[in-house]
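Below is one structure, written out as structure tokens, with a few remarks after it.
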Amino acid sequence: MFTGIVEELGTVKKIKKGANSAVFTIQAEKILDDLKTGDSVAVNGICLTVTACLEDGFTADVMHETLNRSALIQLSLGQHVNLERAMPANGRFGGHIVAGHVDGTGKITEIRRDDNAVWYTIQASPQIMKYIVTKGSVTVDGISLTVAKVSETDFSISAIPHTVKITVLGERKEGDIVNLETDIIGKYVEKLITPVKEQPIKSNITRDFLNKYGF
């Protein structure tokens with residue numbers, strides 16, 4: 001589990017592509033302090049398992065399903081990525097509950113400055129938008145952000161200068177694709193209140209059986 005509080009910017013140093021998968025080598029510094037093989041790291045909001053620890057970074061395998069659902073497939077050498085280690089049990093919960101399992105991607109349609117803040121408007125599919133609520137939480141490329149405005153087709157967030165500076169938000173442009181994970185609490189609530197269709201009970205008792213045994 002993560003909190004959406006980015007620890008540092010990593011750099012994509014190597015990409016080894018398979019037929020439907022890939023192996024990423026990410027250069028990092030801060031998160032290497034206690035990183036071990038098998039640990040989870042959120043890379044642009046996607047939970048990846050560390051397959052090897054290096055002196056200046058780590059490697060991680062990316063499956064076909066992850067490439068299909070996320071913007072990782074668009075990464076190129078030299079690009080920066082948001083990095084966050086899994087939350088320690090004794091750590092501060094600075095953001096919100098982030099699973100690192102992205103729901104899909106969105107498209108940045110507008111970036112505008114508002115004094116010291118930067119507004120980002122992100123277009124997303126109806127399947128994602130139904131979980132986006134004003135003043136709720138959303139994860140954009142692994143960053144825990146508060147939703148400021150919502151329409152039928154997009155939502156907007158307002159980022160402070162610090163967030164823009166230390167994350168990939170500062171490098172994003174209009175038209176860029178970003179990873180999105182909605183608040184998991186909303187998904188559980190939806191599941192609990194959705195009526196379950198009762199399955200008809202099948203019986204092997206036939207009319208012939210009833211006639212034979214006198215029922």
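- Enclosure of atom CE in Met1 by more than 12 non-hydrogen atoms of other residues, nucleotides or ligands within 6.0 angstrom is indicated.
- At least one side-chain heavy atom of Ile177 sits less than 4.5 Å from a side-chain heavy atom of Gln74.
- The two residues Val43 and Leu83 have their closest heavy-atom pair at CG2-CD2, 3.9 Å.
- Linking ILVMFWY residues whenever their side-chain heavy atoms come closer than 4.5 Å, directly or via other members, places Ile128 and Ile143 in the same cluster.
- Every pair tested for salt bridge (Lys or Arg N to Asp or Glu O under 4.0 Å) that includes a residue from residues 13-25 fails, sequence neighbours excluded, so the list is empty.
- Residues that satisfy the side-chain hydrogen bond (donor to acceptor under 3.5 Å, both in side chains) test with Glu174, not counting sequence neighbours, are absent from this structure.
- Looking at Val81 and Leu75, their side chains come closer than 4.5 Å, going by heavy atoms from C-beta outward.
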For residues 108-116, which side-chain N or O atoms pair as donor and acceptor with protein atoms under 3.5 Å away, sequence neighbours left out?
from   : atom 1 : to     : atom 2 : distance (Å)
Thr109 : OG1    : Thr121 : O      : 3.3
Asp114 : OD2    : Trp119 : NE1    : 3.3

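- Contacts classified as side chain to side chain donor-acceptor pair (under 3.5 Å) and involving residues 122-131 (residues at least two apart or in different chains) are given here: Ser125-Gln127, Lys130-Glu190, Tyr131-Glu190.
- A pairwise comparison of heavy atoms in Tyr120 and Ala159 identifies CE1-CB, 4.2 Å as the closest pair.
- His64 and Ser21 share no donor-acceptor pair across their side chains, judged by distance under 3.5 Å alone.
- Listed by chain and number, the residues in a side-chain hydrogen bond (donor to acceptor under 3.5 Å, both in side chains) with Ser70 amount to none (sequence neighbours excluded).
- Atoms CG and OG1, from Leu9 and Thr11 in turn, are 7.5 Å apart once rounded to the nearest 0.5 Å.
- Connection of Val98 to Leu145 is not established within any shared hydrophobic cluster, with ILVMFWY side chains joined at heavy-atom distances below 4.5 Å, either directly or through further cluster members.
- Within the structure, every pair that satisfies the salt bridge (Lys or Arg N to Asp or Glu O under 4.0 Å) test and touches residues 19-36, not counting sequence neighbours, is listed here: Asp34-Arg85, Lys36-Asp39.
- Counting only residues at least two apart or in different chains, salt bridge (Lys or Arg N to Asp or Glu O under 4.0 Å) contacts with residues 132-158 comprise Asp141-Arg172.
- Evaluation of the side chain to side chain contact (heavy atoms under 4.5 Å, CB included) rule for Ile73 yields Leu67 as partners, not counting sequence neighbours.
- Val62 and Phe58 fall within a single hydrophobic cluster, where Ile, Leu, Val, Met, Phe, Trp and Tyr are joined by side-chain heavy atoms under 4.5 Å apart, directly or via other members.
- More than 12 heavy atoms of other shown residues, nucleotides or ligands fall within 6.0 angstrom of atom CZ in Phe93.
- Side chains of Glu84 and Thr3: a donor on one and an acceptor on the other come within 3.5 Å.
- Under the 4.5 Å side-chain heavy-atom criterion for Ile, Leu, Val, Met, Phe, Trp and Tyr, Val6 and Ile97 are members of distinct hydrophobic clusters.
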Exercise answer: donor-acceptor pairs, residues 161-171 side-chain atoms, under 3.5 Å, sequence neighbours excluded:
from   : atom 1 : to     : atom 2 : distance (Å)
Thr167 : OG1    : Thr163 : O      : 2.6
Thr167 : OG1    : Leu169 : N      : 3.2
Glu171 : OE2    : His80  : ND1    : 2.6

Sequence neighbours left out, cut at 3.5 Å: what donor-acceptor pairs do the side chains of residues 45-56 make with other protein atoms?
from  : atom 1 : to    : atom 2 : distance (Å)
Thr51 : OG1    : Thr59 : O      : 3.1
Thr51 : OG1    : Thr59 : OG1    : 2.7

Name each donor-acceptor pair under 3.5 Å that joins a side chain in residues 179-186 to protein atoms two or more places apart or in another chain, with its distance.
from   : atom 1 : to     : atom 2 : distance (Å)
Asn179 : OD1    : Ala71  : N      : 2.6
Asn179 : ND2    : Asn44  : O      : 3.0
Glu181 : OE1    : Gly100 : N      : 2.9
Glu181 : OE1    : His101 : N      : 3.4
Glu181 : OE2    : Ala99  : N      : 2.8
Thr182 : OG1    : Asp103 : OD2    : 3.0
Asp183 : OD1    : Ile185 : N      : 3.2

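- Both Ile157 and Val150 are members of a single hydrophobic cluster when ILVMFWY side chains are connected at heavy-atom separations under 4.5 Å.
- With sequence neighbours excluded, the residues forming a salt bridge (charged side-chain N to carboxylate O under 4.0 Å, His left out) with Glu65 are Arg69, listed by chain and number.
- For the pair Ser144 and Phe2, the minimum side-chain heavy-atom distance is 4.5 Å or more.
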